[in-house]
Each structure stands twice: as C-alpha cells, then as structure tokens.
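The structure displayed is predicted, hence computed values, not measured ones. Scope of the values below: all heavy atoms of this structure, side chains included, with no hydrogens, waters or symmetry mates.
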Amino acid sequence: MSDAKKSSAATDYRSTLNLPDTPFPMRGDLPKREPAWVKEWEDKGIYQKLRDARSGKPKFILHDGPPYANGQLHIGHAVNKVLKDMITKARQLEGYDAQYVPGWDCHGLPIENAIEKLHGRNLPRDEMQAKSRAFATEQIAQQMQDFKRLGVLGQWDNPYKTMNFANEAGELRALKRVMERGYVYRGLKPVYWCFDCGSSLAEFEIEYQDKKSETLDVAFKAHDPARLAAAFGVTAVQPEAFIVIWTTTAWTIPANQALNLNPELPYALVQTERGQFIVAAQLVDNCLQRWGLQGEVLATVPGQQLEGLEFEHPLYDVASPDGSYGYRRLAPVYLADYATASDGTGIVHAAPAYGVDDFNSCIAHGLKYDDILNPVQGNGCYAADFPLFGGLHIWKAVPVVLQTLRDAGRLLATQTITHSYPHCWRHKTPVIYRAAAQWFVRMDEGEGVFTTDKAESTLRATALNAIEHTHFYPANGKARLRDMIAGRPDWCISRQRSWGVPLPFFLHQDSGELHPRTMEIVDQAAEIIEQGGIEAWSRVTTEEILGAEDAPHYTKSTDILEVWFDSGSTFWHVMRGTHGDMHHDSGPEADLYLEGHDQHRGWFHSSLLLASAIYGRAPYRGLLTHGFTVDGQGKKMSKSLGNTVSPQEVSGKLGAEIIRLWCASTDYSGDLAIDDKILARVVDSYRRIRNTLRFLLANVSDFDPAQDAVPFEQLLEIDRYALTRATEFQQEVLAHYKVYEFHPVVAKLQLYCSEDLGGFYLDVLKDRLYTTAPKSLARRSAQTALWHITHAMLRWMAPFLSFTAEEAWKFFGNSESIFLETYGAVGVSATADEGLLDKWARIRAIRDLVNKDIEVVRGAGQVGSSLQAKVCLTVPPEDHALLASLGDDLKFVFITSQIELVAGDAYAATVSASTDAKCERCWHYRDDVGHDSAHPTLCGRCTSNLHGTGEHRAHA
C-alpha cells in the first residue's frame, strides 16, 4: 500500500466535520426538571427582577379574577392561569411593565358549608369567621403551589386576598362611596332565595335547569255576583260564578292576595255544567278541553271593566282543625300588562312575596309592605302557625295543597310538566322568589340612603355606556354583557350569613331607619376591621358604637355583603389600595380582565357595576373570555363520568409544559377539549419544536457574536433571506400576541420549524455548517443567521413554552432570564425585504417540484440520497434568470451534486444517477474526488476547506 493510501485510511474524516454539539438535552424530562425551575425562579426573585427591569416603562395590567379559596385546582383553573401568564409574559417581552398579582376570593358560603360539616352548625359568629379564615388560608397555600408548578410568574410572595384586613376594610369604603353616589337603598322585595344557602342570591348566582312541576287551574268564587253581572252587562250571574287562574307553583296559592288581568285583553264569562267561569276569551276552548267541560260564552268585556271586583280565596270556606277559617280573605282584581293570553287562563294570581311582577303590581295598587303575606321561612318551610300547612316544606306541601283545593271543589285540572326553572348555581337546587328586607344597588332612577354626591345618570345607563368603551375578545362577549346589564333587576347586595364583610348598619327598632351617623359608623367599622378583621366587628356591641342613650333603640345588622361585592370591588381596594402601584393613573385601572365566559354574569358584571357607580366607567379596557374544558368527545367533565383530567397528574407524568402547550395550541374562544389522545399529540408537537431548538443551539455552540458575527449586508443571500423571513414571521407572531391569540402562533411556529427551517433552510445549511472551515465566512454567515433566529425563537415561544425557553437560555443567553429580554429586531439590518422574500419563495416552490421528481427516481431504486442525483432542469426564462443568479450554489439549494439549467417554455426535470465518485467527507458526487493523492477519497471542496483557502460561497 502506498504512503498516500495509508495516510488516507488512517484519517477519520468525520472528526474533521463541524458536527453539532450542545449540552441542551434531546429529552425534556419535564416532570423531573420543571420543579427545579420553579424553585429557581422563586429563590432568585425573578418576578421582582422583571419589575425592576421594566421600572418606568409603560404598564400593562392584567387584573386577576380571584379563584375561590376552596378545593383542589382542576384543569379549568390551569387554563385560566396559564392564559393569564402567557399574556403577561408576551407583554413583558414586548417591553411593557407587565404586572401580575394573583388573588383569591375568600369569603362566602362554600367555606361556611365546609366549616359546618367539620365543626357543626350554630357556631358563634366570630368563631365561624375565625375558622373560615384558617380554612381559606390552608386552601390558598395548596392552590398556590399548584399554580406555581404550572410555571406561572407572579407576585406570589404578596398576592391579594379578599379576606386580608385591609381589603375587608377597603370594601366597606367602596360601599360608602356607592352610598354617597345615591345608589344604595333598603327595600322589601322578592329576591332569589336558596333554602340550602339560607340566603338571598344575586342574579348572577342563578342558572336554569329543567324541573318537574304540577300545573293547576284554580277557581276563585265571586264575592259579589251582582257586581260581576253588572261588569259583564248581563242581568245576573249564578251564585257559583268563578274566575280561574293557572299556575305552576301550587305552594304560592295559600299566600294569594290579588288577581291580575290585562286591561286590553277581552275576558269571557262562560256557562258550563259546573258553573260559570271567567277566562281570557281566546283561551276558552283550551281551558274547557283541559277541564273536560262543555261551555258557551255568555258575554265578553275587556279586562279594564273588571278592575276592582273581589273574589274569595279558594280556601275561603275551609276550616282548620281548631275550627278557625284562616283564608277568609278576598283577592281584588288589579290590572297589569304582564297578564297575557300566551298560556294558562290569561289571569295571574298574585302572591306578592313570591314574585317580582306580583309584588310590583300589588304595591302599585296600594298594598302596604306590612300587609304582604310571607309565610315561607328561610329554610323553605311555612311558618308553624300558618293555617292548614304550618311547618310543611313548600316542595312537600304541593300534593297537600292540591288535595286541599280538590276537596274544596276549587281545583279544575292539574298535570305534570317539565319546564326551565331557576336553580342555585352552587347547590343545583331549585330556588324561589321570596320577599325579604334587603339592601340593594339601584339600577334606575330613585332615592338612595345618605346620598351626598349624587351621580348624574342611572347606573344602568352608565354601565351600558362603559360597555361601548370596552374591547371584547371574542367580540360576541359585548352583546352578551350588554343584554345582561340592560335587563337585570336591582342588585341585592345583602346576605344572611356570617363569613363575609359586614354591613355595619344599625336600624331603629320602631321605624327601621338607619342611624343618622351611619356614614361615620361605616368609616369607624372600616378602621376596626383594618386592625382586627371582620371578627373584630362581630365582637363590637351596639352600645360601644352608639352610646348608652341610643343603643336600646337600635339593632345591629347581622347581614353581610354578598361575595360578588368582594371581588367586584377589587379594582378599588386592591389596585388602588393594598397593591397601589397596580393600576393606570388615568382611565380604567386594568388593561384586561380574563375569565371563563360565565363571568359575564359574575365578576365582569359586578366589577362593571361597582366601577360605574364609583367612577362612572368600567375598571377594565378589555374583557377576554375563554370556554370551558371538555373531554375529547366534547362532553362536560365530571367525576361521575370519569372524564376529568387532573393538572397535577399531567404535570407529574408529562410535565406542566405540556399543559401550557395544549392551552396555547387550543382555540380558547370555544370549549377546550383535552384527553390522553389529545395530550399525546401535544407531546409530539413539543418534541418537534424542542428538536428544532436543539439543532439551532448545537450549531452555534462555538459562535461568539462579539468576535464572529457577520454584518447583515455581508451575509450569504440565503442567510439574509432566512433572517428576512424570520422578521416577517415575528411580525405575524407579535400581531397575534397583540390581540391575545396563541393557537395561531403555535400552529405557525410548528410549520415554521418543519417547513421554513427543517424542510428548507436548515436542510440546505447542513453542508455549509458541517463541511466548510470552522471560521470561514461561509460558516460564520450561517451561524450569524442561526444565532439571531435562535434568539428570536426563544422569545416567540417563551410565553407558552416557558420552562423550555428558560432552559435553553441558560446555554445561550447572557442574562439571568429569557423574560428579562425584549423581542427586538431579528438581525441588525433585517427588514421585510419583499423582493428577497418573493425571490426565495419562488426558488422554494421550484425546489419542491424537483424534490418530487427525485423521489420518483429514488422510489424506483435508481438513486440513493438526493446528492446522488444529477438533474437537468428546464424552466421558463424568468425562472431561469432567478435560478441562474445563484450560480454554482444552486446545487446546494437543491441538495444535489450536479444541476444543469436550461431555458425553455415550461417546467421539466430529468433526474439520473451521478456517475462520479462520492466524497467520503461531504458525500457529494464529484468528478474531482481523489484529485489530491494525499487525500484520495476527498473532493476538491473538502481538501480546500481542510487544507487550502476554503471554497467560495456567495448565495447558499
């Protein structure tokens, strides 16, 4: 063997290649590594460093809608917090001071229920409050750990809690301001009442579900037949003449106090075999059919002619066991537009304690508050002394009421129907309207208590106007919120519970009026609570506040503010209170409120009303809503179905990064589907992005930008194109981030990794990166582009792939955290050069066609890799000029060893196998392999790159 051949055989040419190298591991090993990142962010105080880094920059404030401090986090919580985190991180990278203070909603019934289960009912008030506070504190600690585990950066060392003494006190000061503006009043009104809560409910705590009810047609006997005959213009009516009502709430009949007819509607007097009956004229046939009777209309008159007639309660003649007649009362006829002929009989029976329309009609017709019958107690039972039905629960009383009416001869028909009925959103049990003395925030014109600075317009008008100045994501949220505000009744803000911010009111025992010093007392209560919490107010006596002279005449209210007032007022007592730098100096406090779409009737709603009452505007510039989590089949998640997905389990098995990527890649404007199959696809997506990132890092491991960077104008043309394309891509990414969109970014990033980079640029680049001299312009040009692209890509993905971006940054960046960076330009002079983009888009399109032709030949077994292919390519003149401009570098773009260009009329490619030898080092097939006897297996390119001046590359 000659010396030259010995030398060649001894050389390992693989070791002469610039092969990729990086300590960034291929496997993410996320479940193991992520907790260390969480701890490091905490130990290093990264959130505070982000604040310091952006001090003085424009603020971006996303105000956290507080989750309730009870129970383990579910996947819906994870979606909400991850979305908030992605948005604040994207804004931080954009250069904003993007603050995020997490919060918790701490008062309210679920915690009280939990304490009652643990410690029994009837705890003293301050003990219930102290135990609730301790319970909420435990729950917050558990939830906080889970939120941190998801990679959420925020002010975890100082979150806001609605139960902090300062927040409880601030809430009372917000109440005082709403009172000063003239919006607060006390009234007896039917409000939604939940027997399980033992309290009134707000409109936003109601949801509708199907319920079975008994319908009943009930006859009320005419008390004065002669007056009735005169009203109908007939000579006489029978002694057994009745007006008939139809209802679905049998339990309200014992509390009937009036009948409502529509003044414009014609009513008929109908003769039947069972007597004479009055119903709406157009419903006569339906009614007779329902009652199983034959009949004939004797006379018809409009409802207004029957006004003032009196009818006897259906149980008028029924005696109680003690011989008394508890229902010897009359029901007068009132006129009201809400009586219609759409169903029933066209006549509405009024039990004013149990219906808003009934209540308004009776009060408007002169019924006094004190005369309203309200026998149903807070627990759902009739008062013990209530005639015939005392002590019965109303739902159990229904069959008893029906039988009593039947026995009295007053029940004409009954049937079971299923209808949509209001339910408590916590207990999922039916609620009723029930009249109770409550405190309200007034939506329309009217007088408030202790008004000193009356608002110029009604709360409804102010809130509707504020909606017009709010941005909605998605846009359909606007109509939803507007409709709710336009149609909602006054807001009942009082509750009859213990665990909440007290209404610090003292009511005169005779008149029911507030103490004249009420506004001072509210301030005093706020100071007491600020020092010792709501428990301190519970211990305060009436005498301590009012003095010995007034105390005997006043009663201390035990009502609390409903919990939506707590969270709804956080823009006041958190953003301008306990976390005072967390607001904009003018205009709405927050840029964004972000919650599930149910919060149009919840937190968005209460916050809008309170900010409108206090400031005359919304507390937010934008509202973003997301859907709910469902399983892969679109079914709602429930423990009973066994289709829930636990964020804790997913983090432990796949990593929180996978939850984050799933959240980012799902269109949150609708429901978000998740199951094992969906997560498996997300894991695949993650691997593809990670592998691309690893390739980028591995190829710049020996690149020092200070020494090695090539100025933009000196870069090879394809590198300039790659940076220009990356610039264009970044503009798309930032446009999506601007409007809080993530799923298009993830989809486009995956395409960018697989097609722009993996399928084209990196594919073309490998030869130049691996085979040219380590410090050559050709290689440093490629590395310069890759270095800028890696910087950009880490920033694009950091909002959602936070752990991975931070991990990569350790090997690549020069600051403590990727989140301290800003997006910046992709390459010093890279701008969206349209000409360059168009040129290379066309080159790529032609390359795709050639690749297809090579694949056909490869499929037939005629060539191995594309480098073995020799291509004769015919293209039209304009494409010929385009491709010819790349000169000898064209073959590198097409990854072939040889390409011959021919100008013709249309595209055509002839692919054949190269007859040249294959270079052992670069794997190209060339006719100069072996030209150097010292390196007989190398081509001229490789010997020049290894031992000579190096090959010249201009374009690729």
Side-chain angles (χ1 to χ4, degrees), residues 105-109 112 162 167-194 197-206 356 378 424-426 431 433-444 446-451 455 458-460 462-463 484-485 488-507 512 514 518-519 521-522 525-526 529 534 537 557-573 601-614 619:
D105 215 350
C106 308
H107 300 125
L109 188 70
E112 255 190 82
T162 57
N167 292 116
E168 292 175 336
E171 195 176 324
L172 279 187
R173 294 180 182 122
L175 170 68
K176 182 187 174 193
R177 184 71 190 124
V178 178
M179 290 170 73
E180 288 169 350
R181 302 283 283 153
Y183 292 119
V184 176
Y185 71 96
R186 186 172 192 245
L188 180 76
K189 268 196 175 180
V191 291
Y192 283 119
W193 190 276
C194 173
C197 296
S199 178
S200 58
L201 298 183
E203 187 82 12
F204 10 90
E205 295 171 298
I206 295 301
V356 176
C424 169
W425 78 343
R426 289 188 190 90
V431 299
Y433 270 115
R434 178 173 177 266
Q438 302 285 356
W439 293 96
F440 293 89
V441 169
R442 190 186 297 284
M443 294 300 295
D444 301 304
E447 286 307 308
V449 290
F450 292 99
T451 305
T458 68
L459 187 52
R460 195 183 309 279
T462 304
M484 286 179 176
I485 296 292
R488 63 152 298 128
D490 290 352
W491 177 13
C492 177
I493 58 169
S494 49
R495 292 291 179 274
Q496 292 66 52
R497 303 298 304 186
S498 302
W499 176 229
V501 174
L503 280 155
F505 295 159
F506 293 87
L507 298 160
L514 285 173
T518 290
M519 296 304 252
I521 293 167
V522 174
I529 288 169
I534 59 173
W537 179 255
S557 170
T558 56
D559 285 356
I560 62 168
L561 277 165
E562 74 122 346
V563 76
W564 289 111
F565 202 103
D566 291 26
S567 56
S569 56
T570 52
F571 67 87
W572 166 279
H573 59 79
R601 64 184 176 135
W603 188 55
F604 296 162
H605 195 120
S606 61
S607 301
L608 174 63
L609 291 184
L610 288 175
S612 296
I614 290 172

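In this structure, R488 contributes its side chain and R460 its backbone to no donor-acceptor pair below 3.5 Å. Judged by distance alone, with hydrogens and angles left aside, the side-chain atoms of W193 form a donor-acceptor pair with the main-chain N or O of G378 at under 3.5 Å. The closest donor-acceptor contact from the side chain of D105 to the backbone of T162 lies at 3.5 Å or more, if one exists at all. For W499 (side chain) and C106 (main-chain N/O), a donor-acceptor pair under 3.5 Å exists by modelled atom type. Side chain of E112 to main chain of S498: a donor-acceptor pair is present (N/O by atom type, distance under 3.5 Å, no hydrogens or angles). Remark: the backbone N or O of G568 is not paired with any side-chain donor or acceptor of H605 at under 3.5 angstrom. Side chain of S606 to backbone of W564: a donor-acceptor contact under 3.5 angstrom is found. Formation of a donor-acceptor pair under 3.5 Å by the S200 side chain with backbone atoms of Q496 is not found in this model. Not one N or O on the side chain of Q438 forms a donor-acceptor pair closer than 3.5 Å with the backbone of C492. With hydrogens and angles ignored, the 3.5 Å screen pairs no side-chain donor or acceptor of S607 with any backbone N or O of F604.
Side-chain contact check for R497 versus H107: every heavy-atom pair is 4.5 Å or farther apart. You'll find the side chain of R186 stays beyond 4.5 Å of the side chain of V449, heavy atoms only. Taking the side chain as every heavy atom from C-beta outward, V522 and F450 never approach each other to under 4.5 Å. Under the 4.5 Å side-chain criterion, counting only non-hydrogen atoms from C-beta, L175 is in contact with I493. Within the 4.5 Å cutoff, side-chain heavy atoms of L507 are placed close to those of L514. Side-chain contact between I485 and L609 is present, with at least one heavy-atom pair separated by less than 4.5 Å. No side-chain heavy atom of Y183 sits under 4.5 Å from any side-chain heavy atom of W491. Put simply, the side chain of F571 reaches to within 4.5 Å of the side chain of L610, judged on heavy atoms.
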**OP:** Could you go through the side chain to side chain contact (heavy atoms under 4.5 Å, CB included) check for T570 and W603 one step at a time?
**Re:** CA-CA 10 Å; T570 52; W603 188 55; 4.1 Å; yes
Subject >> side chain to side chain contact (heavy atoms under 4.5 Å, CB included) between M519 and M179, worked out >> reply: CA-CA 9 Å; M519 296 304 252; M179 290 170 73; 3.8 Å; yes
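Between W537 and F506, the two ring planes are perpendicular [angle over 60°; tilted spans 30° to 60°].
Distance check: C194 SG to R434 CZ gives 12.0 Å after rounding to the nearest 0.5 Å. Atoms CE and OG1, from M443 and T462 in turn, are 9.0 Å apart once rounded to the nearest 0.5 Å. Taken to the nearest 0.5 Å, the OG atom of S494 stands 8.5 Å off from the CH2 atom of W439. Residue L561 holds its CG atom at 5.5 Å from CD of E171, rounded to the nearest 0.5 Å. Atom OG1 of T458 and atom CZ of R442 lie 11.0 Å apart (nearest 0.5 Å). Rounding to the nearest 0.5 Å gives a distance of 8.5 Å between CZ of F565 and CG of L172.
At a threshold of 4.0 Å, the pair E205-R495 counts as salt-bridged, since one of the basic side-chain nitrogens sits closer than that to a carboxylate oxygen.
Using a 3.5 Å distance cut-off with no hydrogens or angles, the side chains of T451 and R181 do not pair a donor with an acceptor.
In plain terms, the two heavy atoms of P502 and I534 that are nearest each other are CD-CG2, 3.5 Å. What you find for V178 and I614 is that their closest heavy atoms are CG2-CG1, 3.8 Å. Scanning both residues, L459 and S612, for their nearest heavy atoms gives CD1-CB, 3.7 Å.
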